[in-house]
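First the proteins, then the strands, lettered A, B, ... as listed; each starts at 1. Heavy atoms only: backbone and side chains are in, while hydrogens, waters and symmetry mates are out.
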Number of protein chains: 2
Amino acid sequence: MADRYANFANSGLGRTVVKRLGLPDPPRLRRHRAGDPLVNGPVLLGAAPGGRLSEPIRKLLGAAGAEVTDQNPDGVRVSALVLDATGITDSTGLRALYDFFHPYARSLEVSGRVLVLGTPPEATATPAEATAQRSLEGLTRSIGKEFGRGVTAQLVYVAPGGEQAVESTLRFLLSGRSAYVSGQVVRIGAGDVPAPADWDRPLDGKLALVTGAARGIGAAIARVLARDGADVIALDVPAAGDALADVANEARGRALQLDLTADDAPERLAGYLAAGPHTGVDIVVHNAGITRDKTIARMSEDRWDSVIGVNLTAPERVDDLLLERGLIGSGGRIVGVASIAGIAGNRGQTNYATSKAGVIGRVQAYAPVLLPRGITINAVAPGFIETAMTAKMPIGLREAGRRLNSMSQGGLPVDVAETIAWLASPGSATITGNVVRVCGQSLLGA
Amino acid sequence: MADRYANFANSGLGRTVVKRLGLPDPPRLRRHRAGDPLVNGPVLLGAAPGGRLSEPIRKLLGAAGAEVTDQNPDGVRVSALVLDATGITDSTGLRALYDFFHPYARSLEVSGRVLVLGTPPEATATPAEATAQRSLEGLTRSIGKEFGRGVTAQLVYVAPGGEQAVESTLRFLLSGRSAYVSGQVVRIGAGDVPAPADWDRPLDGKLALVTGAARGIGAAIARVLARDGADVIALDVPAAGDALADVANEARGRALQLDLTADDAPERLAGYLAAGPHTGVDIVVHNAGITRDKTIARMSEDRWDSVIGVNLTAPERVDDLLLERGLIGSGGRIVGVASIAGIAGNRGQTNYATSKAGVIGRVQAYAPVLLPRGITINAVAPGFIETAMTAKMPIGLREAGRRLNSMSQGGLPVDVAETIAWLASPGSATITGNVVRVCGQSLLGA
């Protein structure tokens, strides 16, 4: 699992060698640790004239203890460049992007943050405004590739009326929790969202179910949700029993052994959840997934069926029954785990990519259906994450996966888990229908 | 402009060397030549039970002179695998994909075609059906990466009621005209579309305006639209006068020297078009575009302004005035030229990527507005195309661009032009709001 090259590149000798030879230079990414402040330095906040977000953001950041400044004449290091671009109503107004980023591009610290906030194109007043707002994505994705040094760049579309709902997202994207998320477009819907009593434990009192929790990314999800205050049910197949028990213990939660592809599994799970003590479940994370790679010409029926069954049909059956029984209620959160392969396709993974494209399809299909019930559904799409699985890849493929992204390194399971925790937060009540890649802005895509 | 490596790999000695060393093996792509049949061999047509497209497609292909077959027990070479997947209504039904492609995957000829036809997820009856239909994209994108040998794979979503409108798209995607288009998702809307009198000259009687027509991709667009029967106005800046005159002569059209960024340019163009002989214009192709690459920290104001101005603001101003004056009427076609950089972002191209993301934004914003007026708006997004511009790239970057796609080679200007001609066809009246990459299924994306 160790990225030995990254360790070397960050050593005293390594830094010199890497610079001299022009080798990939994976920075040590800032990741969240308990007690960390939101940011490590001032946040430079700009706005295109007429924007509606800079004042709410200024207040919110101030209340969160961040120093906010409007200018930076002396070029001191800042932790984030945040631009309210909602005031841009046509393409000539895009000049505000240049005016803000040109002078300040070099002032960001390592693992600094770039956030551009806009209006969803579909919620604008004119096609010219929609066009200009859609243009923002070309800027943020380019900045993500250009700035390097662990800097992440995102575009956050805030629907009109969603100005008071941005806090959970700003806290995620500005902090070390989003270390491996870059080049993403996030949509926040309209509505006011009450702030949690304690931003360090936003999931207090919530019950979370995590499937595939015995190891790797699933174990990290269980740990992070528990850290954020949730009671966790760690679910995995019976064969993973010992590892599962360890994870459940660590998360001070419960272990549930169940093969979700069994015919009666949804019924048994529903029974388990209905039995209490907490009736129903607040957060469902469909992390369980398998790969059975082969080209389709060489693939057995079983490899096709098992991958579709575990990755797609099982989560569908579980959600359908839990929703039907009212075991996921208002305030509920469903989070799927897709994959870059589900976005871009992959050689040897027709089965896996089909299943993961389906996970994205579920998010898009169910978001409007569940919104009136107060339930959100979103997905994360991991790129190259350092796990026991990727450690077994051939070295060429592994090194390509690690380096072909804006961070020049693989992500960690905790990076996926933090992203899920953000989507699961009560503060993210108006975020639904999103698919967020956790890939360090991998070059791969569609 | 020559891809010397591809020429070598396709020579007698080259084939041996490439195979022995396991080097990239760019096949010679089948491209359309006058008089070519639609396909070079039988089309194998399958259907998931309950589909609504296989019968219309069978008739249409038969009428187009293609041999259609339902099975291939002897494993003869086929030119295309076409699957009607509209009958798939939930994830368990996805098994039909395996059942069709597993046995036949190896029977495709070089430059063969894979088409999967589905229902747009947003037009399905249930979330489970939407999910399954969305899953198809994972399959086609994976097949595109897996099959190699110049095989292309696409997903075509046909809205209910669009069954009679698929012909222009099938003719494009099955033929050599789509040689460098792969891994794409195309949406066809509802409505009946009259067939042109002559499929070799679908643009007979149409007037087409092509901007940036003096060279490269723009010149190829002018030539292909003229070949398909259109009268062409080839527009470029006055400095390109001689080259522009040559293109106009070759296309038996008119040359129009105009700097579209000038304040009065839209007015002058509108006057020119209103003067006749053909009042107004049927097809507008916004191909003119420039790059002025620099990181944003080093970029001058002028580099920002000129790229946004030429690539985005000028087409907006032109369309706004032509539409306002009724110079683009019912049956009109607007086609923009975006770029992979506008989708994925690119280092050193904040200005260019912002402008090209805006081109995509225009398509999305104007498609619903123009649909009731009988006008479509779409865009193509070229990847690595062999032009004088790419010939000047540093060899490492050039070779990466050429090889990092499913065709292992760059595309040609004609590939972009053929794609535009398809979108401009009267047969594509229900195709709007699409962004189609012409990139050989480049690995790069978002």
Are B:R95 and A:E301 close enough that some pair of their side-chain heavy atoms sits under 4.5 Å apart?
-> yes

First locate atom CG of A:L97, then atom CD1 of B:I308, and finally report the distance between them rounded to the nearest 0.5 Å.
-> 7.5 Å

Kindly compute the distance separating CZ (B:R303) from OH (A:Y98), expressed to the nearest 0.5 Å.
-> 10.0 Å

Ranking A:Q184, A:R298, A:E122, A:E129 by heavy-atom pairs under 4.5 Å to chain B gives rank one to A:R298

Please determine, among A:T295, A:D320, A:D99, A:V369, the option with the most heavy-atom pairs under 4.5 Å with chain B.
-> A:T295

To the nearest 0.5 Å, atom CZ of B:F100 lies from atom CD1 of A:I296 at 10.5 Å

Working to the nearest 0.5 Å, report the span between CG of B:L443 and CG of A:L404.
-> 9.0 Å

Given the rule in the side chain to side chain contact (heavy atoms under 4.5 Å, CB included) test, do A:L312 and B:L94 qualify, once you have shown the distances and angles that lead to the verdict?
-> CA-CA 11 Å; A:L312 183 55; B:L94 293 169; 3.9 Å; yes

Option in B:I360, B:V359, B:N351 with maximal non-hydrogen atom pairs under 4.5 Å from chain A = B:I360

For B:Y352, is it the side chain, the backbone, both, or neither that has a heavy atom closer than 4.5 Å to a heavy atom of chain A?
-> neither

Could you tell me whether the side chains of B:E146 and A:T350 share a donor-acceptor contact shorter than 3.5 Å?
-> no

Side chain / backbone / both / neither for B:Q364 at chain A, heavy atoms under 4.5 Å | side chain

Top residue by heavy-atom pair count (under 4.5 Å) with chain A, among B:G358, B:G361, B:G345, B:S142?
-> B:S142

Residues B:S135 and A:T354: side-chain donor-acceptor under 3.5 angstrom = no

Checking B:A132 against chain A: side chain, backbone, both or neither under 4.5 Å from a heavy atom?
-> neither

If you tally heavy-atom pairs under 4.5 Å between each of A:D305, A:I340, A:T92 and chain B, the highest tally belongs to A:D305

Heavy-atom pair count under 4.5 Å with chain A, highest-scoring of B:A105, B:A130, B:A446, B:A353 = B:A446

For the candidates B:A297, B:P121, B:A365, which exhibits the highest count of non-hydrogen atom pairs separated by less than 4.5 Å from chain A?
-> B:A297

Considering only heavy atoms and a distance below 4.5 Å, find which of B:G342, B:G144, B:S300 pairs most often with chain A.
-> B:S300

Taking only residues two or more places apart in sequence or in another chain, which ones pass side-chain hydrogen bond (donor to acceptor under 3.5 Å, both in side chains) with A:S442?
-> none

Among B:A128, B:A344, B:A341, which has the most heavy-atom pairs under 4.5 Å with chain A?
-> B:A344

Can you name the closest pair of heavy atoms from A:E316 and B:T131 and give their distance?
-> OE2-CG2, 3.6 Å

For chain B, which residues from residues 432-441 of chain A lie under 4.5 Å away (heavy-atom distances)?
-> A:R437, A:Q441

